[in-house]
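Let me begin by presenting the structure, written as structure tokens, before commenting on it.
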Amino acid sequence: MCGIVGYIGPKEKKEILLDGLQELEYRGYDSAGIAVIEGEKLNSFKAVGKLENLREKTKNYASDGFGVAIGHTRWATHGKPTELNAHPHLGSYSYVVHNGIIENYQELKNELLSDGVNFLSQTDTETIVHLFEKYHKEGFDPFEAFKRTIERLEGAYAILLITEAAPDTIFFAKNGSPMLIGFGEGDVYFASSDTPIIGKANEVYYLEDGEYGYVQNAAVHLFDTQGEKHFTKAPLVADKAMAQKDGYRFFMEKEIYEQSRVMGETIMGRVLENEIVLDELDASFFEDINAIKICACGTSYHSALASAYLFERLAKIRCDVEIASEFRYKYPLLTKDTLFITISQSGETADTLEALKMAKRAGLKSLSICNVDNSSIVRESDRAILTRAGIEKGVASTKAFATQTMVLWMLSLYVGQEKKTISSDVLKREIDAMLHTPKALIVEDTLHERIHRLSKRYLHGHGFFFIGRDIFYPLALEGALKLKEISYLHAEGYPAGEMKHGPIALADSELFTIALMPKTMHYDKIKSNVEELSARDATICAISPEPFDLADDFIQTQYSSHPMVEFFEMMVVTQLLALEISIRLGNDVDMPRNLAKSVTVE
Ligand code: AGP
């Protein structure tokens, strides 16, 4: 989703902006642009497509001396990905970049059109810069004009605005979309997340919703509805080396290989020999809680679906799961004895964040499971458990899913432990399996090589069915999502027992079935379901520890004594299969078409 970078200070600004935007590439974008004001000089450049195009356009330009600069990567919402629609948007003498959606932009645009303002783009964002200049031309000083502009906006936004009317100033505002301020040596940075400012700034302030203000020279003036406010900077601690590819072909591949290590971090200090310890929660947290509702989107939703089996089976607590975008508009019945859990890799997903706000308004206790500390969802929740997966750059989520599922599994045991609904024997069995999981996630060369070879047979056909039962059904959904995200082939996940209720009509040799056949869970049942498909000539790729005669292809996993260990092993197989198919098809694995890493619009 859109990314924002800003800078005010004496350093060369083009490189700061372009490098910063590069760090935000993982969010997804289809055009980019920058604008710089130095003294009286105002320069701007825009390009459609990848950042190299913008680099090419700006190759003969370099800024000189003190100035203000803003940059943006745009993921199209209102209007096609064209240069005219790319940010920064120009008024007569000011530029704006914006992440989010201005919901009342049409009303504002009509008002400005009737004043004779000429619009160049189809975007909601352009209204902001014209509104600002309207107030400024009416005689308000630049900050008052900016303040009045912000007061008129409805919807979600992170905004930076620069103007020739105040060439030493950047104006900023945040409501519902992420933005932070980074503090360097005599200069100030803005960004949508930490990564663009790592190595440049030493301290950071994460803006809250409703905050706005301006930076003049290196001094930040921050306001909210109560007026100017003091704020406390936090040290910026982050390790950029983590975000490099380390010799892997794609970030997604690196992140698949990292799963074993990060899983060790996820459980460290939390999974003890006979007990689950979650410092983030205190003993009274579950006291009045009799049910759990989980809201999430995409891959995070799949981890939630898997966990619902665990909460009910292990902790004996009612658990239901909803897609956040559906939950928002269904007028849900919410009771205060329900714990509201949100799951999000980025912590910025607009639908999940809004669902959380709804639940809070209804008085529910909230807990988020997230990979990004200080993200909007973490800050909005009563409590948060971090997944500790490290920065995930591949748009197709892998290690975030693995660690989310682990945290949820831990949480199910923790609830059972606190509510005394789990026996010590069962707790011990689960803990032993958890401690074994990092080992089960090690990617063996032979496995990867086998999947690489098999992948060439799965580049065509009229679709894939991933099938599984119980927790392997959400894993089937996730396997299908991974494949379609990066291969652009049609894939669906199905509960194996449902195939005969309709989908089996599609079966023929060009229908590829990826069958998740764990030995520890309903093996005979799923075997029968696969036999039904095989009898109709479907091409079967079985993933199982147990050799299976009817499979056209077979990927062998380890025998294990616990379904969750089988789950994680099969997860790796489905991830590698999607990766290898996508690579053979020549796709951009890390930045698949039309997708964004952080979906900050509805
Ligand atoms: C995962 O591969 C997807 N890119 C997507 O489904 C993602 O999981 C979804 O947008 C939710 O994101 P979040 O976890 O950051 O909230």
Side-chain angles (χ1 to χ4, degrees), residues 302-303 305-310 312-314 321 405 409 429 433 440 447 450-451 454-455 457-458 460-484 489-578 581:
H302 297 153
S303 73
L305 282 179
S307 76
Y309 291 89
L310 306 177
E312 299 212 342
R313 199 149 52 214
L314 296 170
V321 179
T405 309
W409 183 16
R429 183 196 70 201
L447 176 78
R450 169 137 187 79
I451 294 170
L454 279 184
S455 61
R457 303 195 206 170
Y458 294 96
H460 61 291
H462 58 73
F464 287 75
F465 273 109
F466 284 68
I467 59 170
R469 282 175 170 258
D470 201 280
I471 51 172
F472 293 87
Y473 160 50
L475 184 59
L477 290 173
E478 174 58 10
L481 178 67
K482 220 77 305 170
L483 183 66
K484 72 183 131 197
L489 297 170
H490 181 73
E492 280 187 70
Y494 246 90
E498 267 297 292
M499 294 298 285
K500 56 186 168 295
H501 298 290
I504 202 166
L506 295 176
D508 65 16
S509 61
E510 296 291 287
L511 176 81
F512 302 141
T513 301
I514 312 295
L516 306 178
M517 304 176 70
K519 197 66 179 82
T520 51
M521 198 164 241
H522 312 310
Y523 180 78
D524 291 333
K525 299 272 179 219
I526 188 158
K527 189 162 167 256
S528 310
N529 300 140
V530 179
E531 281 164 0
E532 286 154 15
L533 281 156
S534 172
R536 278 136 190 110
D537 213 20
T539 297
I540 313 287
C541 175
I543 305 173
S544 181
E546 186 83 352
F548 179 51
D549 288 351
L550 294 178
D552 298 271
D553 285 315
F554 178 58
I555 301 173
Q556 190 158 29
T557 49
Q558 302 289 318
Y559 283 97
S560 165
S561 54
H562 198 286
M564 285 304 286
V565 176
E566 288 206 78
F567 177 100
F568 284 116
E569 236 194 288
M570 290 187 183
M571 174 198 75
V572 171
V573 173
T574 57
Q575 293 167 342
L576 289 172
L577 190 61
I581 289 175

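- Under the 30°/60° scheme for interplanar angles, the aromatic rings of Trp409 and His562 are found to be tilted.
- Shown here for Pro547 and Phe554, the closest heavy-atom pair between the two residues is CA-CZ, 3.5 Å.
- Here the CD1-CD distance, from Ile467 to Glu498, works out to 12.0 Å after rounding to the nearest 0.5 Å.
- The shortest non-hydrogen separation linking Met517 to Met570 is C-CE, 3.8 Å.
- Listed by first and then second residue, the ring pair (Phe, Tyr, Trp, His ring centres under 6.0 Å) pairs involving residues 496-530 are Tyr458-Phe512, His460-Phe512, Phe464-Phe512 (not counting sequence neighbours).
- Residues Thr574 and Glu478 have side chains not in contact (no heavy-atom distance under 4.5 Å, counting atoms from C-beta outward).
- Heavy atoms only, all atoms of each residue included: Asp553 and Arg457 are closest at OD1-NH1, 2.5 Å.
- Taken from CD1 in Ile543 to CD1 in Ile451, the straight-line distance is 7.0 Å, to the nearest 0.5 Å.
- Counting heavy atoms from C-beta outward, Leu477 and His302 have side chains that approach closer than 4.5 Å.
- With 3.5 Å as the limit, one finds a donor-acceptor pair spanning the side chains of Glu566 and Thr520.
- From Ser307, atom OG reaches atom CD1 of Ile471 across 11.0 Å, with rounding to the nearest 0.5 Å.
- In terms of heavy atoms, Tyr473 sits closest to Gly468 at CB-O, 3.6 Å.
- Note that CZ of Phe466 is 9.5 Å distant from NZ of Lys484, once rounded to the nearest 0.5 Å.
- Using a 4.5 Å heavy-atom threshold, the side chains of His462 and Asp508 count as touching.
- Counting heavy atoms from C-beta outward, Phe567 and Met521 have side chains that stay 4.5 Å or more apart.
- The closest side-chain heavy-atom distance from Thr405 to Met571 is not below 4.5 Å.
- Each of Leu305, Leu516, Asp470 was compared with Leu475 under the side chain to side chain contact (heavy atoms under 4.5 Å, CB included) criterion, and only Leu516 meets it.
- Minimum heavy-atom separation, Pro545 to Tyr559: O-OH, 3.2 Å.
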Could you give the side-chain donor-acceptor pairs of residues 530-541 under 3.5 Å, partners two or more places apart or in another chain?
unit_1	atom_1	unit_2	atom_2	d
Arg536	NH1	Glu532	O	2.8
Thr539	OG1	Ser509	O	2.6

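- If you take NZ on Lys525 and NZ on Lys527, they are separated by 12.5 Å, rounding to the nearest 0.5 Å.
- Nearest approach of Ile526 to Arg469, heavy atoms of both residues: N-NE, 4.0 Å.
- Note that NZ of Lys519 is 4.5 Å distant from CD of Glu546, once rounded to the nearest 0.5 Å.
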